[in-house]
Number of protein chains: 2
Amino acid sequence: MFQKSSITSLIRKLEHCALLSPEDKRALESVCGSVRQLPARSILVTEGDPAQRVNVILEGFACRFRLQADGRRQMVGLLLPGDMCDIRVCILKHMDHSIGTLSPVRVAQIPHESADWLMERCPRLARAFWWSTLVEESIAREWVVNVGHRTAFERMAHLFCEVFERLHAVGLTRGDTCDLPLTQSELGDALSLSAVHVNRVLMEMRHNGLITLRNQQLTIHDYPALRNVPGFDPRYLHLDGTNDPSFRAQEQTG
Amino acid sequence: MFQKSSITSLIRKLEHCALLSPEDKRALESVCGSVRQLPARSILVTEGDPAQRVNVILEGFACRFRLQADGRRQMVGLLLPGDMCDIRVCILKHMDHSIGTLSPVRVAQIPHESADWLMERCPRLARAFWWSTLVEESIAREWVVNVGHRTAFERMAHLFCEVFERLHAVGLTRGDTCDLPLTQSELGDALSLSAVHVNRVLMEMRHNGLITLRNQQLTIHDYPALRNVPGFDPRYLHLDGTNDPSFRAQEQTG
DNA sequence: CGACATTTTGATGAAGATCAAACTGGGTGG
DNA sequence: CCACCCAGTTTGATCTTCATCAAAATGTCG
């Protein structure tokens, strides 16, 4: 019912922090046994619920969002394969946001006892988990900057760069293209733009030859130019692979 | 050179997660020995620097901010007395944002070895520290919502509610008033608004009898109405005092 | 008193929201 | 196989919010 390949993304991601030993990987796999498959647009975690499990996205796109008083929803983060959410969230009485899927998603749900056990037993893993929560926090701050200080065009360019870099970090890009299974209206939720305006910006980008987005596939034709639009600086993603002194082989491939 | 009263705010804040034992408090005090006094508008931590210490704000207001390519700065978080920043930040190679003071600030700087020692020795403290970083993350997400989905008027009302609640949680409000030592231009940085527009919204709020803001003092005349403007829901601050099962006495006063 | 930061006011312009409607394309059922 | 449906995309027109520019008023501190 679960394949080894499930957690490839997770391992690739964590190895941006520290190289994992075979035992680390085995421990990780043993804990990711219970995998659920969810359809697109389903709810994984509901705001206000008691926090129970650690969720690891194995495949597909999901998002964190907050519901507004007026019923609208604001995305406050994107969850990609390899993202492990809320390692310590059991400390809180209730979830302060919801998590929903954007595409079909395969997710491993780890009881927090198992997570605690894992962190006690494998210090390298523990370190990598903390690293990944710090990165998420950094991304959240970048989103504040994004919706706060950038034009629609810059925002969208920034989001595309972020998604591409994050997917690249877990080996899920093919050349200059990657998945992006969001409707224009969902892009609007992420960027705080109306669907109409998303559409216009998108056409402008296509027209400029920067990207194409069709069939849930994003292709970046001119990455330097795209990066240049918002002044994208990938350091906030902490993917430079030197977070751990013991990190050596940065370019090994699976 | 340091008074017991220094860490009152910190203790009051952490006790929203779990009641601390006298030993916990003593350990905390012993570690906050080295206190620095900084003038307003000084830099505490610079983006890109190696992450070294844990900073605890004892007195005054500070903020996290990111510098933009165009030199403008976007505030991505407010640090109030009792806020302990970046407990685990030593995992990252470099800081992904800067921290600066808004008013004169007294800050305790804890070497991360001491922080680790503290967390090993006092599990209740460790738990409270994690709680506080999760709360900060939650606040960061709320800021995304704030600048993303709310009008200038709602944004400002929301920020005022947040600051008041957070200060109230550490016993730093007097009746319906609290400190707010930000210029209108700094408020603009926090809310992603121009200083001019901040001014106009402020006047409207005053005119509506909601608040007054003078001499760095915020007075909220009609809290229910103010809360109602953005639909402020304080749950994201996790201050309900029930995060820990052992929590009992919620209303004890120092 | 004078220099300087901050607040206030006015006028204008631009980015993006909103409303409305047409167009596209894949999937379903008759 | 076609007609239909529905979600998503595209286009147009109008309106609101807020930024920007400019300048006057106020306050503060040496």
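Naming convention: chains lettered A, B, ... in sequence-line order (proteins, then strands); numbering from 1 in each chain.
- Remark: side-chain polar atoms of B/E165 are not paired, donor with acceptor, to backbone N or O of B/E162 under 3.5 angstrom.
- Nucleic acid contact for B/L193: sugar-phosphate only, since backbone atoms but no base atoms lie under 4.0 Å from a heavy atom of the residue.
- A/E136 has no carboxylate O lying under 4.0 Å from a charged side-chain N of A/R141, or vice versa, which leaves the two without a salt bridge.
- If you take CD of B/E186 and C1' of C/dA5, they are 12 Å apart, rounded to a whole angstrom.
- The side chain of B/M203 approaches C/dT8 more closely than any other nucleotide in the set C/dG16, C/dT8, C/dT7.
- Note on residues 194-213 of chain B: no pairs pass salt bridge (Lys or Arg N to Asp or Glu O under 4.0 Å), not counting sequence neighbours.
- Between B/D86 and B/R64 there is a salt bridge, since a side-chain N of the basic residue sits under 4.0 Å from a carboxylate O of the acidic one.
- Rounded to whole Å, the distance from CD on B/E204 to C1' on C/dT8 is 15 Å.
- In the helix from C/dC1-D/dG30 to C/dG30-D/dC1, the end axes, each obtained as the rotation axis mapping the C1' atoms of four pairs onto the next four within a five-pair block, lie 40° apart to the nearest 10 degrees.
- In this model, the phosphate group of C/dT7 is not approached by any side-chain N or O of B/N199 to a distance below 4.0 Å at OP1 or OP2.
- To the nearest angstrom, C1' of C/dG16 lies 16 Å from CG of A/L187.
- Per the geometry, CZ belonging to A/R200 stands 10 Å off P belonging to C/dA17, to the nearest Å.
- Using a 4.0 Å heavy-atom distance criterion, B/S194 is classed as a base contact.
- Contacts between residues 205-213 of chain A and DNA chain D, defined by a heavy-atom separation below 4.0 Å, involve A/R206, listed by number.
- We find that CG of A/D189 is positioned 12 Å from P of C/dA17, with the value rounded to whole Å.
- A side-chain donor from one of A/Q217 and A/D179 sits under 3.5 Å from a side-chain acceptor of the other.
- A cation-pi geometry, defined here as NZ or CZ lying under 6.0 Å from the six-membered ring centre and within 45° of its normal, does not hold between B/R166 and B/F164.
- Within the structure, salt bridge (Lys or Arg N to Asp or Glu O under 4.0 Å) pairs that include any residue of residues 35-46 of chain B comprise B/R41-B/E186 (at least two apart or interchain).
- Shortest non-hydrogen contact noted between B/V89 and B/M95 is CG2-SD, 3.8 Å.
- Protein chain A contacts DNA chain D over a range whose 5' and 3' limits, counting nucleotides with an atom under 4.0 angstrom from a non-hydrogen atom, are D/dG8 to D/dA13.
- C/dG26 atom C1' lies 12 Å from atom CD of A/Q216, rounded to whole Å.
- Rounded to whole angstrom, the span from the CZ atom of B/R214 across to the P atom of C/dT6 amounts to 19 Å.
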### Query
Hey, mind stepping through A/R66 and A/R73 against side chain to side chain contact (heavy atoms under 4.5 Å, CB included) and telling me if it holds?
CA-CA 6 Å; A/R66 283 227 171 112; A/R73 67 183 208 180; over 6 Å; no
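- In terms of the ring-ring contact (aromatic ring centres under 6.0 Å, His included) criterion, residue partners of A/H158 (sequence neighbours excluded) are, by chain and number, A/F232, A/Y236.
- Taking atom NE2 of B/H197 as the reference point, atom P of C/dT12 lies 19 Å away to the nearest angstrom.
- Between A/N215 and A/V198, the one whose closest nucleotide on DNA chain C sits nearer the 5' end is A/V198.
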### Message
Does A/S132 form a side chain to side chain contact (heavy atoms under 4.5 Å, CB included) with A/K13? I'd like the steps, not just the answer.
### Response
CA-CA 8 Å; A/S132 95; A/K13 184 180 159 179; 4.1 Å; yes
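- Using a 4.0 Å heavy-atom criterion, one finds that A/R41 contacts the sugar-phosphate atoms exclusively.
- The shortest heavy-atom contact between B/Q216 and B/P181 is OE1-CB, 3.4 Å.
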